Amino acid sequence: MPLLDQAQRSGKPRTLKSRKAPDGRSYTFTCTPVPENHGESAVLVFATDVTDHAEAAERLRASERRQRETAVTLQRSLLPQELEEPDDLRIAATYHPGGTEAAVGGDWYDVITLGGGRTALVIGDVMGRGVRAAAVMGQLRTAVRAYARLDLPPHEILQLLDGLAMEIDANQIATCVYAIHDPNEGRLVYASAGHLPILVRDESGTVRRADEPTGPPLGTGGWIHASGSVPLGPGSTAVLYTDGLVERRNEDLDEGIAALERALAGATGSPQVVCDRLVRSAGVTADHDDDVAVLVLQHPARTGPDGELFRNAALELLGGVEAAPRARAFASGVLTSWRFPAELHDLGVLATSELVANSLQHGVPPMRLRLRRTDRRLIIEVTDGDDHLPRRRRAEPADESGRGIAIVATIASGWGSRRTPGGGKAVWCEFVLPRPTD
């Protein structure tokens, strides 16, 4: 009856689509006004049985819901179930799939502890939607974790990923940012394959956009990526994100990034609080039309008793016969001042001696010894100017050398090596600190 009334008052046809009638079937009703005749008006009512069409449409919608639920489940299962927790960073992340009318995409993020106090952060977006995009995302994320163990510079990681992306699917491309944080350097070194710029808010609240360098997306091939860096000292916050957070229809992308910068400038609190505030400020809701992934990291400024747990000490090694005993004496004094147990003190001095001896024998100046403690571990690192990385090998009984790295690997919780900018290398080991007893 309301439809009849609307058609009569407006003088225009009105249609009510696919409504169920008492007989259980579905009909489409159309009411068409008839011109007045002798002062009387009429409305013609047409009813079309669309039961088969309605049932087919409902089956299609149900199938789409199941496919989307499958893609979302796959997507979430391929994302980190729990983020790794580095000693020097506080990190939070969130993922919001697109609304019910959009197939899930291939957004992902990850946090990878590299050892020696360094942490890799990665975020990416596989173009396309559905199960295929989620599956490609899973393969790329697994590859990133494997390549990260090589402890290569960010641009070399992207170079490897670019070749792999072409092998996985030549028609599928992905954007990605891979960054490494070293608390001793106070910087975030990164490389970008067509991804959005990292945003960093410093201790004073000023937000900086890390724009360059940026190469083409993964899977395009033929591009030599490069690494850049942005300051990330104590008290700083960095945000990595996908385009769903800042891209809107009929709006310039740069405007969305600028809005995110303003939101970050006023977002304080823990990484999870900052993460939630940025998502809310961008207007992301349950029916948002694109996937959103956000990764927030903070390098806290530690003072007072907390600051006492994070200490650094360094010694320049000039070479010569006095370098090794000088390094041992330095390490012993530092570890004693940090009040380590006798057993850990002795192991730390032994590891220092072996790493320094290895550098003196196989490396070239400049050489440097660095000790660092956090609330969880002791890290010992020696750098020199030679880029040949050591490897653990089995020394024969008659060999006079070759046991240093094997000894370090045996007594330490972990060890590793990497090339450093300028053609040198760093060799490190770490010891997990005993937890204080109540």
Side-chain angles (χ1 to χ4, degrees), residues 83-94 109-123 154 177-192 196-212 227-241 245-246 257-282 293-314 338 370-379 381 421 433:
L83 292 178
E84 295 185 20
E85 299 179 357
D87 295 1
D88 292 273
L89 295 176
R90 296 172 182 163
I91 302 177
T94 187
Y109 55 83
D110 211 346
V111 178
I112 308 165
T113 51
L114 301 177
R118 302 164 74 248
T119 306
L121 300 312
V122 59
I123 195 163
V177 165
Y178 184 90
I180 295 176
H181 177 256
D182 186 336
N184 295 297
E185 303 297 334
R187 303 186 71 81
L188 195 66
V189 180
Y190 66 92
S192 174
L196 299 165
I198 299 171
L199 301 184
V200 177
R201 185 186 68 204
D202 63 20
E203 192 173 12
S204 67
T206 302
V207 177
R208 177 177 178 176
R209 186 186 303 188
D211 279 323
E212 299 293 341
S227 294
S229 68
V230 62
L232 189 74
S236 299
T237 299
V239 179
L240 290 74
Y241 52 97
L245 187 67
V246 295
I257 299 175
L260 182 61
E261 288 179 320
R262 293 190 294 270
L264 176 59
T268 58
S270 68
Q272 190 60 61
V273 170
V274 173
C275 207
D276 294 341
R277 288 189 62 178
L278 295 181
V279 170
R280 286 198 303 270
S281 70
V294 185
L295 184 64
V296 174
L297 55 138
Q298 291 179 346
H299 185 186
R302 294 182 169 91
T303 58
D306 191 32
E308 289 296 313
L309 296 176
F310 290 79
R311 305 284 292 275
N312 290 277
W338 289 349
R370 182 165 62 191
L371 286 80
R372 176 174 174 77
R373 70 158 295 169
T374 71
D375 58 343
R376 304 178 198 172
R377 71 198 78 235
L378 164 67
I379 302 166
E381 182 179 84
L433 301 185

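As the structure is a computational prediction, the values presented were derived from the model and not from experiment.
Smallest separation of non-hydrogen atoms from Ile379 and Gly117: CD1-N, 3.5 Å. Residue Val294 comes nearest to Val239 through the heavy atom pair CG1-CG1, 4.1 Å, listed as atom of the first residue, atom of the second, then distance. Across Ala301 and Glu203, no two heavy atoms sit closer than the pair CB-OE2, 4.2 Å. The minimum heavy-atom distance linking Gly269 with Gln298 is given by the pair O-NE2, 2.8 Å. Looking at every heavy atom in both residues, Val279 comes nearest to Leu245 through CA-CD1, 4.1 Å. Of all the heavy atoms in Pro197 and Ala210, the pair that sits closest is CB-O, 3.3 Å.
A 4.5 Å side-chain heavy-atom check between Tyr241 and Leu199 finds at least one atom pair inside the cut-off. When side chains are defined from C-beta on, His299 counts as touching Leu89, because their heavy atoms get closer than 4.5 Å. The shortest distance between side-chain heavy atoms of Leu240 and Leu297 falls below 4.5 Å. Side chains of Asn312 and Asn184 form a contact here, defined as non-hydrogen atoms less than 4.5 Å apart. Side-chain contact between Arg372 and Pro183 is present, with at least one heavy-atom pair separated by less than 4.5 Å. Residues Leu260 and Val207 form no side-chain contact, since every pair of their non-hydrogen atoms from C-beta on lies 4.5 Å or further apart. Under the 4.5 Å side-chain criterion, counting only non-hydrogen atoms from C-beta, Pro231 is not in contact with Val200. With contacts defined as side-chain heavy-atom distances shorter than 4.5 Å, the pair Trp338/Leu378 qualifies.
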(request) Let me see the working for Arg277 and Thr268 under side chain to side chain contact (heavy atoms under 4.5 Å, CB included), right down to the final yes or no. (result) CA-CA 9 Å; Arg277 288 189 62 178; Thr268 58; 4.2 Å; yes
(message) Would Val111 and Leu295 count as a side chain to side chain contact (heavy atoms under 4.5 Å, CB included) here? Give the steps.
(response) CA-CA 9 Å; Val111 178; Leu295 184 64; 4.0 Å; yes
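Atoms OG and CG, on Ser192 and Asp211 in that order, are 10.0 Å from each other to the nearest 0.5 Å. Atom CG in Asp87 sits 8.0 Å away from atom OG1 in Thr119 (nearest 0.5 Å). A distance of 12.5 Å separates CG of Leu232 from CD of Glu185, quoted to the nearest 0.5 Å. Here the CZ atom belonging to Arg208 is positioned 16.0 Å from the CZ atom belonging to Arg201, to the nearest 0.5 angstrom. The OG atom of Ser227 lies 10.0 Å from the OH atom of Tyr178; values are rounded to the nearest 0.5 Å. Note that the OG1 atom of Thr206 and the CG atom of Leu264 stand 11.0 Å from one another [nearest 0.5 Å].
In this structure, Arg373 contributes its side chain and Leu309 its backbone to a donor-acceptor pair below 3.5 Å.
Under the 4.0 Å criterion applied to side-chain N and carboxylate O atoms, Glu261 and Arg209 are assigned as salt-bridge partners.
Annotation: Glu84, atom CD; neighbour count of heavy atoms from other residues, nucleotides and ligands within 6.0 Å is above 12.
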